[in-house]
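Since this is a predicted model, take the numbers as computed values, not measurements. Computed from heavy atoms alone, side chains included, the values below leave out hydrogens, waters and symmetry copies. Nothing fancy with the numbering, it's 1 onward along the sequence.
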Amino acid sequence: MGRAGCCCRGAERLASPSLVRRFRPLLLLIIALCCGAHTGQCQVASPQCRIQKCTTDFVSLTSHLTPAVDGFHIEFCKALRAYSACTQRTAKSCRGNLVFHSAVLGISDLMSQRNCSRDGPTSSTHPEVQHEPCNYHSRTQHAHAHSHVHAHAHAHSHGHSLPVYLFCGLFGDPHLRTFKDSFQTCKVEGAWPLIDNDYLSVQVTNVPVVTGSSATATNKVTIIFKPYEGCTDQRVYQAVTDNLPAAFDDGTVSSGDPIHLSAGAEGATGKVRALWISERSPGRHVELHAGYIGVTVIVRQLGRYLTLAVRIPEELAQAYDATQDLQLCLNGCPGGERIDRAGHLPLPLSPAALGLQLQQQQPRRPSFSSQTQASPYGGTQVFSVEGAKERCREQLDVQDIYFHSCVFDLLTTGDANFTVAAYSAQKDMESLHPHRERWRIYPRGSATSTLHHLSPPFKRLAALLLCALSTALM
């Protein structure tokens, strides 16, 4: 049999064996990252190859998992082993398929990162669905399975699809990441609703950080879980600076009947309430889990201020009426409240002015270096632009919008706690945001951002290069 052909004319001329051998590790990484998004442009045709089915099953098995829940590691490893077994079954028919080989390498890397053993139980791609009315994942799985049975009997039926989740986060001065992954920096002083629908209300209160600056930060969070018949009564959670409770306002820590949860630490199926609170770090990190509506909320206190991260099913986020349209997570900040300029975050012009202001506000303190010991939250100091970048690089190794927000906050406030806030906000986003390919957002005009908006000729060149590589590597 001859070598499988490539879809791009002229690619063979680019496939220099010496260059391929020299850059092989980097080229494999490029193929693994890019081919999933361009499967039609650089693919060896093979109708029997079922790698897409394997990947779809893996996504289905892991879409509801979150690292915040006990048993995540066990369930994720079981899903990886099932994914690996599926690729082995279709390996012969997927020979030469770049997406297949990228998936195999990806599975191997993930197994190493998660310390998953190659041998062990696997997740069933057709698990028995146990219908639990107060478990959102169970309800949607049941509806999905029922729609499949119905679709077989009625070929033109559209049925239910698996749930889509959305993410929203707020941290710093404050920086808002909306459901649409729009990143904004806003003033929004006072009380503002982040989410307000038929199931959940989340409101934050922001106060000025530095006198004379329009920047604010969050010192109060109010969350209302609305009553859901048969599952929970209404519960209210409130957190303010220096009071991050591990209970609702009425003193309870959970509500509703027990529901099944994914396998626990010992591999056995455990149960939790329909709504419950988990205290991860006393007074510093609390997580609220509403299993009956598929919602997870993370609240932290870092320094004097609070951060917030929310994951919610899209169908629930869209359940609101015209009187509830002011939702920052849904529609972003009003134009008059924006500090950034259409995605570009201008740095404060005069950090030195902040230093003078801090000296005027705290004349009795002998020096900024001594403030770290005197203040219960750590000290404030004057950062130069390069000094702020250096401090932020200690926590954030990728210069995305979280890094630039960190620099902005240090220059605006002089409060080094905002570095940890940006880092924690990024980690919370990574644990809750369902779409890994959307994690990174870069400021408008940056070199990295430009790469994400290549013109069609450059995209065609990238596809041509990938095809050349596939020819040389097969």
Side-chain angles (χ1 to χ4, degrees), residues 1-63 76-114 116 118-119 122-126 161-162 434-439 451-452 454 456-474:
M1 298 237 347
R3 174 179 294 175
C6 182
C7 59
C8 303
R9 190 181 303 275
E12 293 82 356
R13 294 194 296 272
L14 296 176
S16 166
S18 60
L19 286 176
V20 170
R21 282 194 300 270
R22 182 178 179 185
F23 295 107
R24 187 183 185 96
L26 179 61
L27 301 180
L28 283 170
L29 179 60
I30 293 173
I31 292 172
L33 292 173
C34 297
C35 275
H38 301 284
T39 54
Q41 297 188 47
C42 193
Q43 190 67 279
V44 178
S46 178
Q48 293 79 30
C49 180
R50 297 177 60 81
I51 185 59
Q52 185 174 356
K53 175 66 165 58
C54 295
T55 303
T56 301
D57 287 345
F58 175 71
V59 172
S60 176
L61 290 169
T62 57
S63 61
F76 194 81
C77 287
K78 287 168 64 177
L80 275 176
R81 285 191 286 267
Y83 194 6
S84 178
C86 185
T87 61
Q88 291 171 19
R89 289 193 296 270
T90 192
K92 186 175 181 180
S93 60
C94 290
R95 182 182 179 185
N97 184 297
L98 291 179
V99 177
F100 169 80
H101 291 292
S102 299
V104 171
L105 290 174
I107 293 169
S108 178
D109 288 344
L110 282 172
M111 281 189 159
S112 298
Q113 292 171 15
R114 299 285 179 180
C116 299
R118 292 283 176 181
D119 298 322
T122 61
S123 300
S124 171
T125 55
H126 302 287
S161 60
L162 290 174
H435 303 292
R436 187 184 183 95
E437 69 277 7
R438 301 182 196 168
W439 283 4
L451 291 175
H452 285 72
L454 291 175
F458 283 101
K459 289 183 178 179
R460 288 185 59 81
L461 176 59
L464 183 64
L465 288 171
L466 286 173
C467 290
L469 298 176
S470 68
T471 302
L473 292 172
M474 281 187 268

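- Side chains of Phe58 and Leu80 form a contact here, defined as non-hydrogen atoms less than 4.5 Å apart.
- In this model, no donor atom of one side chain and acceptor atom of the other lie less than 3.5 Å apart for Thr122 and Tyr83.
- Closest non-hydrogen pair, Phe100 versus Ile51, comes out as CA-CG1, 3.8 Å.
- Taking CD1 from Ile107 and SG from Cys86, the interatomic distance works out to 8.5 Å, rounded to the nearest 0.5 Å.
- Formation of a donor-acceptor pair under 3.5 Å by the Thr87 side chain with backbone atoms of Val104 is not found in this model.
- Shortest non-hydrogen contact noted between Asp57 and Lys53 is OD2-NZ, 2.7 Å.
- Summarising the geometry of Asn97 relative to Val99, their closest heavy-atom pair is OD1-N, 2.9 Å, with the distance given to 0.1 Å.
- Shortest non-hydrogen contact noted between Ser84 and Met111 is CB-CE, 4.3 Å.
- With rounding to the nearest 0.5 angstrom, the NZ atom of Lys78 is 12.0 Å from the SG atom of Cys116.
- Here Arg118 pairs with Ser108 under the side-chain hydrogen bond (donor to acceptor under 3.5 Å, both in side chains) rule; sequence neighbours left out.
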